[in-house]
Amino acid sequence: MFSLLDDAFFIFSLQAFPYANHTGVVPDPIKLDVDLYFKVSVDTQSDNPNLDLFIVECFSSAHRDPNVADATNFLLIEEGYVLEGNEHS
């Protein structure tokens with residue numbers, strides 16, 4: 001059984017690629033209307049061998065602080081489901 005007193009360490013990684021096979025280097029600056037492919041990973045070290053992690057929400061924002069009132073956020077994943085199209089919040 002997992003308790004709040006157990007130790008766990010998580011290393012989150014997000015990488016962007018110009019190709020669907022997750023290769024290449026994204027140019028800087030990047031032009032608008034260019035497809036990017038993302039690879040997300042989590043390395044874990046936990047006292048619980050049966051620990052599962054799930055993405056609940058993921059979004060992209062044009063603003064450095066996505067919590068400001070005028071920030072436009074593009075939801076990619078909401079409540080664990082991948083959204084199709086450009087959903088805004």
- Message: If you count every heavy atom of other residues, nucleotides or ligands that lies below 6.0 Å from Leu36 atom CG, does the total exceed 12?
- Response: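 Count over threshold, so yes.
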message: Please enumerate all residues that pass side-chain hydrogen bond (donor to acceptor under 3.5 Å, both in side chains) together with Ser61, with sequence neighbours excluded.
response: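 side-chain hydrogen bond (donor to acceptor under 3.5 Å, both in side chains) check on Ser61 returns Asn73.
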Ser13: partners by side-chain hydrogen bond (donor to acceptor under 3.5 Å, both in side chains), with sequence neighbours left out:
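Not a single residue meets the side-chain hydrogen bond (donor to acceptor under 3.5 Å, both in side chains) criterion with Ser13.
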Within the 4.5 Å heavy-atom criterion, are Glu57 and Leu75 side-chain neighbours or not?
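They are in side-chain contact.
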- Message: Minimum heavy-atom separation for Ala16 and Val26, please, with both atom names.
- Response: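 Ala16 and Val26 have their closest heavy atoms at O-CG2, 3.5 Å.
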Checklist line | Nearest non-hydrogen partners of Val34 and Lys31, listed with the distance | finding: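 Scanning both residues completely, I find the closest heavy atoms to be CG2-O, 3.3 Å.
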Starting at [atom1] of [X], measure out to [atom2] of [Y] and round the result to the nearest 0.5 Å.
| X | Y | atom1 | atom2 | value |
| --- | --- | --- | --- | --- |
| Thr44 | Phe12 | OG1 | CZ | 9.5 Å |
| Glu78 | Phe59 | CD | CZ | 11.5 Å |
| Thr23 | Lys39 | OG1 | NZ | 11.0 Å |

Practice task
Please answer: with hydrophobic residues joined when any side-chain heavy atoms are less than 4.5 Å apart, are Val42 and Ile11 in the same cluster?
Solution key: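 Result: no, two separate clusters.
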Sequence neighbours left out, what pairs pass ring-ring contact (aromatic ring centres under 6.0 Å, His included) with at least one residue falling in residues 14-42?
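ring-ring contact (aromatic ring centres under 6.0 Å, His included) check on residues 14-42 returns Phe17-His22.
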